[in-house]
Amino acid sequence: MLFIHSYYCNVTIITYTCIESSLCIIKLMKIHKKMSNMEIAELLRAVASALQLKGASENKFRIIAYQRAADAIEHLSSEAKDVYDEGKLTEIAGIGESIASHLGEIFKSGKSKHFSSIMKDLPPSMFELTKLPGIGAKRAHKLATELKITSDKNAIKRLEKAAKQGRVSHLEGMGELTTEAIQKSIKEVKGRTNRLLLPYAEKIAFEVIEWLKKDKNNKRIDVLGSLRRKAATVGDVDIAVATTDLKGSLDRFTKYPNKSRVLERGSRTASIIIPGNRQVDLMVTDLDSYGSLLQHFTGSKHHNIALRDFAKKKGLSLSEYGINKTDTNKLTKFKKEDDFYKHLGLEWIPPELREDTGEIEAAKESKLPKLIQLKDIKSDLQIHSDFDIETSHDIGESSMLEIAQKAETLGYEYIAFTEHNPSKSGHNEAQIIDLIKRKKEAVSKIKSKVKTYNALEIDILPDGSLSVPEKGLLLLDFVTVSIHSSFKQDREKMTKRVIRALSYPNVKIFTHPTGRKIGHRESIELNWPEVFEICKKKDIWLEINADSMRLDLPSLLVRDAIKAGVKLTLGTDAHYKAGMDNMIYGIDVARRGWATKADIVNTRSLSEFEKMLNSKQ
DNA sequence: GCCGTTTTCGGCCCGACTGTTTTCAGTCG
């Protein structure tokens with residue numbers, strides 16, 4: 001795992017990390033009562049693979065249905081088990097009566113007769129082998145049976161050995177090149193960090209784009225895929241180029257100096273591997289079709305499938321080349337992406353919304369939200385200065401004055417200092433109060449055009465009490481609360497804990513509410529509808545933490561919160577002044593959660609914000 | 001197996017690339 005702090009990337013300092021590979025920690029697939037969404041998704045994909053082996057005798061759309069169901073479960077904002085308990089599994093798009101009943105059986109009894117019978121005669125190893133790029137169900141099955149690799153334990157390792165011994169190339173339909181491809185795949189999967197955090201993916205793309213820009217025939221260059229949609233994590237880095245010389249553009253790309261090897265090279269696309277076993281893909285086209293290409297490769301897959309379904313009903317067929325009128329077979333090309341959408345009778349849909357969660361219907365009715373932008377932000381509501389408040393957590397590295405000056409350059413009107421509370425074990429109540437008073441005084445002495453608030457980020461203890469006495473809470477301009485311990489409490493206990501914490505006086509923001517650290521720590525379990533209700537009632541705001549490893553609230557919950565009428569704040573959680581530049585990653589999350597300017601508190605002017613603060617319950 | 005602006009039955013996105021093939025299968029996005 002790569003872990004680098006304070007990496008300088010052009011205009012901003014970012015902290016980034018690669019995420020541990022889930023493939024390194026191969027979990028054996030077992031059906032049990034408390035299956036997580038990830039495990040269920042894996043199970044449903046295994047069922048799809050099993051069905052695939054039946055070939056022509058199997059309805060291929062049944063296979064696709066299982067794959068879609070797997071995606072649907074994986075992208076849920078709450079645990080499937082909880083949805084089941086509420087009797088709402090079939091309300092999930094992609095889950096019908098049949099799959100819902102099989103999942104129900106699993107949650108009830110820890111077993112599934114149906115799924116077990118589908119996979120009964122198949123070697124468990126094949127489901128491990130399908131995790132290798134280039135190995136689908138059929139090859140996995142062939143390899144597993146012919147090479148007599150049956151157990152899922154060490155399946156990949158055993159395949160590697162067989163390939164080395166030349167036993168793979170003897171199999172029908174697999175030659176030397178297939179053997180080589182398998183060996184490379186294994187090597188890459190072993191060393192692969194699964195998905196990249198957004199800033200790191202942006203940095204890779206930035207460097208490749210700089211290289212491509214030197215070819216004057218490359219007229220337009222954009223990122224594609226999840227990177228363009230600003231997803232929290234990115235798999236492969238995809239780039240589009242509009243050029244007057246397709247071949248020349250691909251040539252330049254495959255000669256990228258910082259590559260490990262060229263993975264593939266066609267007449268319209270090429271892929272390279274860069275150090276870290278990261279794949280970068282290039283798609284080239286002429287200028288006339290650039291809009292269509294951008295649309296196609298921005299995805300998401302689900303958005304495109306839904307869009308094609310929508311087009312088909314109008315007698316149109318979509319591809320990266322343009323829109324084809326089915327009856328006349330006439331292709332219309334698009335230079336600009338918004339013309340592509342217009343041709344379908346839709347508003348241009350911002351990439352962040354392209355996940356097939358209602359954006360096509362909204363675009364049709366011209367009801368897409370006017371998404372928040374970085375320039376709307378007038379404040380950063382979570383910053384840690386170097387004021388020594390004697391906390392057991394980390395303190396900041398920049399002074400209050402430096403931070404205020406930085407806020408001025410960002411054009412902010414106000415900011416909040418939200419250092420962690422003084423350690424509870426090292427101080428008695430009087431000492432905690434004294435430290436808060438001293439901090440208050442320090443804040444009051446800052447000379448800046450920017451209004452500075454004296455707040456704190458206070459621990460929610462395991463029982464839901466706060467680590468600062470009530471008298472201390474009232475000395476602050478406002479209180480932010482968050483969980484920094486006992487993340488594993490069950491849903492009921494955690495919900496009670498959070499609701500108790502939110503009931504203390506002067507609590508205004510629940511910061512990084514899920515506590516997740518992408519690739520390192522799962523979200524806490526919480527009854528979100530209940531928490532939303534309390535927040536709305538007590539006018540407490542939920543933070544979207546812009547730290548790229550947190551991005552918390554996640555975008556799905558952002559959308560749920562907005563629907564529930566809850567207001568949100570953005571905070572960088574900066575521990576050094578340059579960290580305040582990370583606000584853009586919070587904006588990305590907010591946009592993916594369909595947030596408008598009105599939904600985010602710190603788009604308000606200082607006077608409006610003051611009013612909101614003072615309308616305490 | 002899922003789902004409904006043509007539908008409770010009959011559809012279900014579309015094309016590129018590779019390898020092992022002589023016209024296609026498998027995989028990917």
Base, sugar-phosphate alone, or nothing: which one does [X] contact when heavy atoms must sit under 4.0 Å apart?
{"X": "A/H302", "value": "nothing"}
{"X": "A/A69", "value": "nothing"}
{"X": "A/Y66", "value": "sugar-phosphate"}
{"X": "A/Y321", "value": "sugar-phosphate"}
{"X": "A/A306", "value": "nothing"}
{"X": "A/S267", "value": "sugar-phosphate"}
{"X": "A/K364", "value": "base"}
{"X": "A/L318", "value": "sugar-phosphate"}
{"X": "A/G299", "value": "nothing"}
{"X": "A/I95", "value": "sugar-phosphate"}

field: Trace of the side-chain contact (heavy atoms from CB on, under 4.5 Å) decision for A/N217 with A/R252
entry: CA-CA 11 Å; A/N217 292 323; A/R252 176 158 193 93; over 6 Å; no
message: Would the distance check show the side chain of A/T326 and the main-chain N or O of A/G315 forming a donor-acceptor pair, the cut-off being under 3.5 Å?
response: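 Judged by distance alone, yes, a pair lies under 3.5 Å.
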query: With distance as the sole test, does A/R354 use its side chain to make a donor-acceptor pair with the main-chain N or O of A/I349 at under 3.5 Å?
result: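 Yes.
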Taking the same atom, [atom1], in [N] and in [M], what whole-Å distance lies between them?
{"N": "B/dT18", "M": "B/dT22", "atom1": "C1'", "answer": "16 Å"}
{"N": "B/dT21", "M": "B/dG26", "atom1": "C1'", "answer": "12 Å"}
{"N": "B/dT6", "M": "B/dG11", "atom1": "P", "answer": "14 Å"}
{"N": "B/dC3", "M": "B/dC13", "atom1": "P", "answer": "13 Å"}
{"N": "B/dC12", "M": "B/dT7", "atom1": "P", "answer": "15 Å"}
{"N": "B/dT23", "M": "B/dG29", "atom1": "P", "answer": "29 Å"}

- prompt: Under 3.5 Å, is there a donor-acceptor pair between the A/E146 and A/H170 side chains?
  reply: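 A/H170 and A/E146 do not have a side-chain donor-acceptor pair below 3.5 Å.
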- request: Would you please say whether a donor-acceptor pair under 3.5 Å links the side chains of A/R158 and A/S125?
  value: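 The answer is no; no qualifying pair exists.
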Just compare [options] and give me whichever is closest to any side-chain atom of [X].
{"X": "A/E264", "options": "B/dC17, B/dG15, B/dG1", "result": "B/dC17"}
{"X": "A/R268", "options": "B/dC17, B/dC13, B/dT7", "result": "B/dC17"}
{"X": "A/S98", "options": "B/dT6, B/dG1, B/dA16", "result": "B/dG1"}
{"X": "A/R62", "options": "B/dG29, B/dG1, B/dC3", "result": "B/dG1"}
{"X": "A/I99", "options": "B/dC14, B/dG1, B/dA16", "result": "B/dG1"}

Would you please confirm or rule out a distance under 4.0 Å between OP1 or OP2 of [N] and any side-chain N or O of [X]?
{"X": "A/K138", "N": "B/dG26", "answer": "yes"}
{"X": "A/K312", "N": "B/dC12", "answer": "yes"}
{"X": "A/S319", "N": "B/dC14", "answer": "no"}

Residues [X], [Y]: salt bridge by 4.0 Å N-O rule:
{"X": "A/K313", "Y": "A/D309", "result": "yes"}
{"X": "A/K34", "Y": "A/E79", "result": "no"}
{"X": "A/D245", "Y": "A/K216", "result": "no"}

- request: Go through A/D222 and A/T298 one step at a time and tell me if the side-chain contact (heavy atoms from CB on, under 4.5 Å) criterion holds.
  value: CA-CA 10 Å; A/D222 286 279; A/T298 296; over 6 Å; no
Using a cutoff of under 3.5 Å, can you pull out all pairs of nitrogen or oxygen atoms linking the protein to nucleotides 20-24 of chain B, with atom names and distances?
unit_1: B/dT20; atom_1: OP1; unit_2: A/G175; atom_2: N; d: 2.3
unit_1: B/dT20; atom_1: OP1; unit_2: A/G175; atom_2: O; d: 3.4
unit_1: B/dT20; atom_1: OP1; unit_2: A/T178; atom_2: N; d: 3.4
unit_1: B/dT20; atom_1: OP1; unit_2: A/T178; atom_2: OG1; d: 2.7

- request: If B/dT8 has a Watson-Crick or G-U wobble mate with both distances under 3.5 Å, name it; if not, just say none.
  value: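 Base partner found: none.
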